[in-house]
Amino acid sequence: MHLRPDYDANVYHIIGRGWMEGVLPYVGLSDLKGPLVFLQCGLGSLLTPDSFLGVSFIHALVAGLGLLYACKSAALFVGRRAGMAIGGILFVYTLYFSVHPSVTVLTLQYISFYYVLRHAVRGGGYSGWQAYACGAFVGLALLLKFNLVVFWLPIGVALLTDGKWWRRLVQMLAGFATVMLPAVVYMGCEGMLAACWREYVLTAVEYGSVGMQKSAIVQSGWRLLAQVVPDHVYLAAPEWFCALAGALLILPWLALPRLVSMRHPGVYYGVFGGGFVLGVLAIFGGEYHFLHYYFSFLPYVGLSLVAWVMLLRRLEVWRRIQRWARRGGMLLPFAVVAVAVLLPRYVGACKPEKGLAESRQATASLVQRLQGHVFLCTEADTGIYLYRLANATPPILHFVPQMIPQGRELHRREMLHCLRTVKPRYLVCSVHGESATDALIAESGTSYRKVELCPPHFPTYPSTADYAPFCLYERR
């Protein structure tokens, strides 16, 4: 069985695989992401049930399409070769952030931004198909992560101001309906619609709404730019230095119309400036902000790289770089960037652990015992990996309680209900949760006996090497 080191990917895979087995999202298993995220993981689990190779293949195709349009966008300004080089840098940056469902939204952004850039640089109007695609992309974004729809609001305004607005509006609504109507009909027929609204929309709004005075924007400020640089740089260097490096990486797109002749610079600033401001407010207006949130701003990194290339050309530095590239010299800096970014991120997973072989053997023994049986992990964090390793479906709806306001108490009530109705064969907890599990069993009125302790180790996830040994209970 294959684990991913990032927490979310295992959650999405569990829900997606459960969907393919008849356990509906938001009804049987819940998380704060859209149904299309779980559908991708579910389809991937059909290809490779015991690993992430299937879903990684799907995400790789989607990410590859997005990078193709990123190269096309850069080529509008700096030519095909330099555009491919910029696409290569974005590829390394995407690897650093790890393959995540957000790459789907990123690909939709790359495609949309390409046609806006082409209009801004070359002129001409938008086609009906582009308006239709804009509406369809809004629908897809709603089914992935609804707050990211803000990036298409300025694009929609630009389309409505081009030609007859009512015709463009009908075309966008047609694209939106093409995506959303089948999804709504399916969820309505399966009884998922109300649950999706409650679990995906209302719970997510409650989870992220903390007021601007507590938001990441107010609390962090410059840290939003500082965290654009790699983790190991951010942790080792002064924060002001990282913020400056982040600003030089993500903000020079503002100067691009000054460096290249544009027919419609107002469209450029309206769409990209509006999308940037709305994106910052929508993504970082809540209390939480994680590394993969920056996926949505990679198009701006690409535009900033274009601006740097244009500036270097004006300074006659670009000719020297081109001569160096013809001799193969550009391979060296790309290799240095790839190693500097990727190696420190994964070196922790390669460190030898004391008793690693014994721990893995104990883990395999525990997983083998759990496979084929209904079991309940009374502690959610480590439970995620046991469910994933055992290829099992959690028997409770909110198996990730920390993502839900007051989720711990809800998680406890759902576990009590599960013990009384589902009556799982096994219970699993760490020794730290032994007393709480004993109290849970006593409150539920069920009878379980403690079988053994075993110290598992979850491969590829180093932080779990320090987790306490597990207690295994079996129903009498």
Side-chain angles (χ1 to χ4, degrees), residues 7-8 11-12 14-16 18-19 23-42 100-102 104-106 108-109 134-153 156 172-173 175-212 214-217 275 278-290 292-293 295-296 380 394 396-411 413-414:
Y7 188 90
D8 290 349
V11 173
Y12 305 152
I14 288 171
I15 298 177
W19 192 355
V23 182
L24 297 174
Y26 316 114
V27 177
L29 298 171
S30 180
D31 190 63
L32 303 184
K33 293 296 183 291
L36 193 54
V37 172
F38 307 136
L39 180 60
Q40 292 179 55
C41 294
H100 191 273
S102 299
T104 304
V105 178
L106 179 63
L108 302 180
Q109 286 179 272
C134 178
F137 289 173
V138 169
L140 291 172
L142 280 175
L143 296 175
L144 287 159
K145 197 173 181 184
F146 62 84
N147 63 324
L148 299 183
V149 171
V150 297
F151 286 102
W152 281 270
L153 295 181
M172 285 190 286
L173 290 175
F176 181 77
T178 301
V179 172
M180 290 299 297
L181 191 59
V184 171
V185 170
Y186 170 80
M187 288 191 288
C189 293
E190 295 290 339
M192 293 171 54
L193 204 54
C196 178
W197 175 259
R198 181 183 66 252
E199 300 292 330
Y200 172 42
V201 180
L202 296 183
T203 304
V205 169
E206 187 178 359
Y207 172 76
S209 300
V210 295
M212 286 301 293
K214 293 184 179 180
S215 71
I217 297 174
L278 290 173
V280 169
L281 291 174
I283 295 172
F284 301 109
E287 185 176 4
Y288 308 101
H289 56 110
F290 300 104
H292 61 264
Y293 287 7
F295 256 127
S296 302
I396 58 175
L397 175 63
H398 299 100
F399 66 104
V400 193
Q402 59 265 42
M403 299 297 292
I404 302 165
Q406 294 84 42
R408 296 294 180 183
E409 177 59 26
L410 177 62
H411 185 242
R413 294 199 303 266
E414 289 185 356

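Note that these values count all heavy atoms, side chains included, but never hydrogens, waters or copies made by symmetry.
Between Ala141 and Val149, the shortest heavy-atom contact is CB-CG2, 3.9 Å. The two residues Pro25 and Met192 come nearest to each other via the heavy atoms O-CE, 3.8 Å.
A 4.5 Å side-chain heavy-atom check between Ile15 and Cys41 finds every atom pair outside the cut-off. Taking the side chain as every heavy atom from C-beta outward, Ile283 and Ser296 approach each other to under 4.5 Å. Residues Pro394 and Ile14 form a side-chain contact, since some pair of their non-hydrogen atoms from C-beta on lies under 4.5 Å apart. At a threshold of 4.5 Å between non-hydrogen side-chain atoms, the residues Leu278 and Phe151 do not count as touching.
Lys33 and Tyr200 share no donor-acceptor pair across their side chains, judged by distance under 3.5 Å alone.
Sorted by first and then second residue, the pairs that involve residues 182-192 and meet side-chain hydrogen bond (donor to acceptor under 3.5 Å, both in side chains), not counting sequence neighbours, are Trp19-Tyr186.
Leu39 contributes atom CG, which lies 10.0 Å from atom CG of Leu144 (distance to the nearest 0.5 angstrom). The distance from atom CG of Leu397 to atom CG of Asp31, rounded to the nearest 0.5 Å, is 10.5 Å.
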Hey, can you pull the donor-acceptor pairs under 3.5 Å for the side chains in residues 175-183, sequence neighbours left out?
unit_1	atom_1	unit_2	atom_2	d
Thr178	OG1	Tyr132	OH	2.7
Thr178	OG1	Ala174	O	2.7

Give the intermediate values and the outcome of side chain to side chain contact (heavy atoms under 4.5 Å, CB included) for residues Thr203 and Leu32. CA-CA 7 Å; Thr203 304; Leu32 303 184; 3.6 Å; yes
Side chain to side chain contact (heavy atoms under 4.5 Å, CB included) for Leu108 and Trp152? Distances and angles first, verdict last.
CA-CA 10 Å; Leu108 302 180; Trp152 281 270; 3.5 Å; yes
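By the side-chain contact (heavy atoms from CB on, under 4.5 Å) test, Arg413 pairs with Glu409, Leu410, sequence neighbours left out. Qualifying ring-ring contact (aromatic ring centres under 6.0 Å, His included) partners for Phe137, counting only residues two or more places apart in sequence or in other chains: none. Taking His398 as the reference, Glu199, Glu414 meet the side-chain hydrogen bond (donor to acceptor under 3.5 Å, both in side chains) condition, with sequence neighbours excluded.
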